[in-house]
Amino acid sequence: MASRPRRSQYLPQEIEPKWQKIWEEHGVMKASDGSPKPKFYDLVMYPYPSGELHMGHARNYVMGDALARMKRMQGFEVLHPFGWDAFGLPAENAAMKHPGLHPEKWTLDNIAESKRDLKMMGILYDWDREVTSCMPDYYRWTQWLFLLMLERGLAYRAKAPVNWCPVDKTVLANEQVINGRCWRHPDVEVEKRDLEQWFLRITDYADRLLDDLAALDRWPQKVRVMQTNWIGRSMGAEVDFPVDGLPGESVRIYTTRPDTLFGATFMVLAPEHPLVEKVTTEKHRARVRKYVEQARKETEIERLSTERDKTGVGTGGFAINPMNGEKIPMWVADYVLVTYGTGAIMAVPAHDERDFEFAQRYDLPIRQVISAPGENGPLRQAYEGPGVLVNSGPFNGLESSVAFEKICDWLESAGIGKRSVKYRLRDWLISRQRYWGAPIPVVYCPTHGIVPVPADQLPVELPPEYKPLSEQPDWYRTTCPIGGEEARRETDTMDTFIDSSWYFLRYASPHDERSAFDPELANHWMAVDQYTGGVEHAILHLLYSRFFTKVLHDAGLLEVTEPFARLFNQGMVKRFGQVMAKSAGNGVSIAQLSSEQGADAGRVYEMFIGPPEEDVEWNEAGLNGVVKFLQRVWRLVLEPESIDMEAGAVVAVDAGVLRRRVAQTVGRVTEHYDELRFNTAVAFLMELANTMQDYLQGGGARDADWDSAVRVLITLLDPLAPHVCEEMWERLGEKGLLADAPWPVFEAAVAAEPKVTLVVQVAGKVRDRLEVDTGLSEGDAVAAALASQKVRGALDGRSPSKVVYVPDRLINLVP
RNA sequence: GUCGGCGUGGCGGAAUGGCAGACGCGCCAGCCUUAGGAGCUGGUGCCCGAAAGGGCGUGGAGGUUCAAAUCCUCUCGCCGACACCA
């Protein structure tokens with residue numbers, strides 16, 4: 001140990017646990033429902049409880065925490081809750097791997113571990129409001145919401161093709177099918193089975209889910225585009241094509257290009273289309289059956305691949321094009337999907353790439369009906385653009401967009417077709433043949449059919465034994481709630497995305513035993529003011545939550561129609577070029593960081609490392625830089641006399657410059673925190689620290705200006721490095737967060753830019769400086785300057801080689 | 001293929017029409033020191049120059065503007081999402 005007096009350093013290992021304990025004892029982040037303060041709902045996506053956390057997980061929690069702390073200091077009543085998306089497959093996998101381990105135990109153990117790490121990072125949540133989706137007091141209300149959907153006609157049962165493992169006798173998720181085989185039995189081919197499944201009618205809300213996106217102007221553009229594409233609304237027409245030789249029979253097709261109807265040279269039915277058998281002639285029957293059988297076996301993924309050549313078979317049957325009475329051959333091909341539109345299309349090879357490819361392969365006729373600019377002679381590829389109609393009888397000469405409307409009018413008046421809107425969004429299949437989920441609360445009664453479990457009998461609790469519900473007769477045997485007959489419970493559980501579609505409402509009244517949420521409290525806290533989480537949820541979770549919110553609004557239980565006012569997707573943390581993950585073995589453990597550089601350093605570093613929406617690479621050297629910064633702040637605040645003054649500062653910072661820097665920092669840091677631009681906020685704090693150091697080294701007095709700089713520095717840094725800041729407050733003999741240290745306000749008098757200066761330079765020689773009133777925009781200020789006598793004189797008829805607009809604050813900061 | 005995003009020093013990145021490279025890392029030189037992965041000072045885009053100073057510079061090519069990393073057109077490269085939706 002050195003005997004020379006050391007500069008003091010703070011020891012995170014000592015002060016961090018100390019403050020974490022104090023915060024917990026004082027319930028610092030508990031949200032009060034009846035507070036007169038304006039509310040701020042700061043939410044991070046609740047995670048799947050995966051156990052020990054690393055710094056990859058920490059990034060968005062630190063962002064959420066920093067914002068919560070700032071908003072609290074700004075006088076908001078902050079709701080910053082946390083919970084666990086606790087149902088799901090990983091728990092079942094763990095249970096299968098370790099016989100005797102129950103998914104619930106595994107899950108709750110993981111939660112305890114994760115929770116410890118969050119606390120170790122100094123993240124403050126209102127733990128009184130913690131929700132855990134796998135607990136009966138939560139899933140009871142998930143079940144209640146299902147019943148609400150059922151009551152409102154939004155839940156229904158229908159047959160759907162599913163992946164079935166014949167050995168496990170269960171349905172598999174798409175992710176569990178590997179090369180057409182069961183993930184747990186690599187020798188066993190997965191079967192496609194049509195099974196009765198539960199669906200939610202999200203398509204009823206397609207228009208509203210799409211149209212309301214426009215109002216979400218504080219969502220990333222990217223997410224709105226993704227949702228728009230996912231919903232995929234298209235405008236077109238349905239048209240009936242009579243089947244030749246089968247009077248009264250017709251095939252309905254859907255097209256977005258009714259203006260190309262005269263170019264239909266064949267028709268294609270999806271293999272599953274109900275009329276395939278009927279229109280097929282005897283001669284073609286065997287081949288068609290074989291093709292249909294083959295198509296059924298293929299997975300969705302194989303079928304939808306564009307890489308693949310299109311295949312199909314002729315049925316021998318013909319349809320009549322209602323526009324011109326022409327007989328066109330009917331084909332069956334798997335590039336037409338039974339689940340979209342009407343499951344049948346008219347093929348217009350001249351104006352559709354896919355039809356063109358198919359026509360070429362099977363030598364089917366191609367007839368151009370839209371003139372392509374600069375093209376004559378036979379088309380070498382499909383022309384999908386707009387143009388003037390040709391070969392289209394009475395509609396020749398019309399522009400395609402006009403023809404679209406005229407032909408639709410004609411179809412409607414002739415009664416053979418109508419305008420139609422279609423979506424690519426499908427209804428939401430929510431039943432899962434899994435144990436670890438919320439049981440779907442219905443009973444099958446031989447007399448009364450599907451009977452919802454009465455709300456006062458909820459929850460339908462999971463049986464204690466971990467075993468498929470369909471193999472637990474003691475559990476599923478029950479009586480009909482209506483007539484008391486012997487009945488059977490639904491043995492499917494719900495998709496975990498249902499759990500997460502409403503958890504943000506439960507936080508408003510987490511212990512309510514009479515309802516899923518107290519409408520009054522939910523209306524008080526909603527909408528979420530800031531929602532932060534990974535972009536991987538850009539579609540599913542965010543779309544489902546929007547759907548649930550709208551349904552609850554329609555049911556009169558919620559005022560808002562959108563749950564999340566502002567959305568932010570943080571980037572991922574990488575190390576050694578890979579995303580930090582337990583499986584990759586490259587995670588920086590929170591426990592270890594905490595015992596070495598400290599949680600504060602980790603927090604500040606992770607915010608400083610790069611733009612919050614970008615992926616960033618963790619590196620130790622950068623972390624050490626932040627450690628140095630925090631230690632420097634510690635010395636500036638607590639022992640400024642230790643700052644070496646011998647060298648003297650070359651740039652003398654006087655009190656005026658210091659004051660100005662302080663005011664500027666308050667303004668910029670506040671603004672950047674609000675926009676979650678933490679990387680630049682940290683840079684501004686470092687600049688302030690640099691200026692303060694220059695001030696001391698230039699012999700600046702430790703007077704009121706200095707004290708105010710110190711106070712501002714600690715306050716602004718507090719949301720990111722709360723432990724060390726609280727410790728500094730205490731050592732200065734002042735109150736910190738616990739006493740609601742107010743957030744500094746940008747002092748308008750100093751902040752305002754009273755003037756700007758234009759520096760005019762001609763040929764690098766002639767210079768002039770001109771002060772311009774503020775109130776003028778930059779462009780106007782420059783124009784005014786260029787028009788002024790003073791500048792005109794300096795220019796002497798030449799044009800300026802350089803005009804620089806310098807805001808006053810910069811001129812004063814940079815001598 | 002379609003849609004979206006991004007290209008700036010040795011590195012992470014600032015600057016969203018107004019001093020390009022803030023802030024940090026790294027590196028160079030020096031200081032201090034019972035020596036140390038500590039602290040302090042100065043330097044650090046590239047080229048010419050002893051310096052003063054000058055020239056060039058935000059993937060590339062054009063354009064708009066007094067002024068462009070920023071806006072527009074084309075182009076090259078990387079990343080992401082969707083992917084036969086008729």
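Here is how names work: the chains are called A, B, and so on, in the same order as the sequence lines, proteins then strands, and each is numbered from 1.
The gap from the P atom of B:rC56 to that of B:rA69 amounts to 14 Å, rounded to the nearest Å. Nucleotides B:rG24 and B:rA14 have their C1' atoms positioned 11 Å apart, rounded to a whole Å. Across the C1' atoms, B:rG5 and B:rU16 are found 16 Å apart, a figure rounded to whole Å. As rounded to the nearest Å, B:rC71 and B:rC78 have C1' atoms that lie 23 Å from one another. Using P as the reference atom, B:rG80 and B:rU41 are 43 Å apart when rounded to the nearest Å. A distance of about 10 Å separates the C1' atoms of B:rU8 and B:rG45, rounded to the whole Å.
Residue A:K310 has its side chain nearest to B:rC84 when only B:rA86, B:rC84, B:rA83 are considered. In the set B:rA86, B:rG26, B:rC84, the nucleotide with an atom closest to the side chain of A:A621 is B:rG26. Counting only heavy atoms from C-beta on, A:R635 has its side chain closest to B:rC40 among B:rC40, B:rA86, B:rC84. Among the nucleotides B:rA86, B:rG24, B:rU41, the one closest to the side chain of A:Q693 is B:rU41. Proximity note for A:Y335 (side chain, C-beta onward) versus B:rC25, B:rA83, B:rC84: the nearest is B:rC84. Each of B:rA86, B:rC23, B:rG37 was ranked by its minimum atom distance to the side chain of A:Y254; first place goes to B:rA86.
Contact annotation: the side chain of A:M267 never approaches that of A:I345 to less than 4.5 Å [non-hydrogen atoms, C-beta and beyond].
Using the Watson-Crick or G-U wobble rule with both distances under 3.5 Å, B:rA67 pairs with nothing in any strand shown. In a base pair of the Watson-Crick type (N1 to N3 plus N6-O4 or O6-N4) or a G-U wobble (N1-O2 and O6-N3), with each distance short of 3.5 Å, B:rG57 is matched with no nucleotide. Both distances falling under 3.5 Å, in either a Watson-Crick or a G-U wobble arrangement, occur for no nucleotide opposite B:rA50. Figure legend. B:rU44 is base-paired to B:rG26; pairs are counted as Watson-Crick or G-U wobble with both atom distances under 3.5 Å. Nucleotide B:rG80 forms a Watson-Crick or G-U wobble pair with B:rC3, both donor-acceptor distances falling under 3.5 Å. B:rA20 is unpaired under the Watson-Crick or G-U wobble criterion, no partner having all donor-acceptor distances under 3.5 Å. Checking B:rA35 for Watson-Crick or G-U wobble geometry (two distances, each under 3.5 Å) identifies no partner in any strand.
Using cut-offs of 30° and 60° for the angle between ring planes, the A:F678 and A:Y673 rings count as tilted.
Residue A:R233 is out of contact with every strand shown, counting any heavy-atom pair closer than 4.0 Å. Using a 4.0 Å heavy-atom criterion, one finds that A:K422 contacts no nucleic acid atom at all.
In this structure, the side-chain contact (heavy atoms from CB on, under 4.5 Å) partners of A:L364, at least two apart in sequence or on a different chain, are A:F266, A:P329, A:W331, A:F358, A:A359, A:Y362.
If you check the side chains of A:Y423 and A:D207, you find a donor sitting under 3.5 Å from an acceptor. Defined by atom type and a distance below 3.5 Å, a donor-acceptor pair is missing between the side-chain atoms of A:N229 and A:R224.
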Tabulated below should be each protein N or O lying under 3.5 Å from an N or O of nucleotides 12-14 of chain B; please produce it.
{"unit_1": "B:rG12", "atom_1": "O2'", "unit_2": "A:I609", "atom_2": "O", "d": "2.8"}
{"unit_1": "B:rA14", "atom_1": "OP1", "unit_2": "A:N679", "atom_2": "ND2", "d": "3.0"}

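Classified by its glycosidic torsion, B:rG9 falls in the syn category, the angle being within 90° of 0.
For the pair A:K422 and A:Y254, the cation-pi criterion (under 6.0 Å, within 45° of the ring axis) is fulfilled. Taking the centre and axis of the six-membered ring of A:F684, the NZ or CZ atom of A:R668 falls inside the cone set by 45° and 6.0 Å.
Residues A:R419 and A:E405 are paired through a salt bridge, judged by an N-O separation under 4.0 Å between the basic side chain and the carboxylate. By the 4.0 Å N-to-carboxylate-O rule, A:E238 lies close enough to A:R252 to be salt-bridged with it.
Taking side-chain N and O atoms only, A:N690 has a distance below 4.0 Å to OP1 or OP2 of B:rG24. At the phosphate of B:rG37, neither OP1 nor OP2 sits under 4.0 Å from any side-chain N or O atom of A:K628.
When all heavy atoms of A:A344 and A:V251 are compared, the pair lying nearest together is CB-CG1, 3.7 Å.
Looking only at distances, no side-chain donor or acceptor of A:R367 sits under 3.5 Å from a matching main-chain atom of A:T265.
Listed by residue number, A:K222, A:V225, A:M226 are the residues of residues 216-227 of chain A with a heavy-atom contact under 4.0 Å to RNA chain B.
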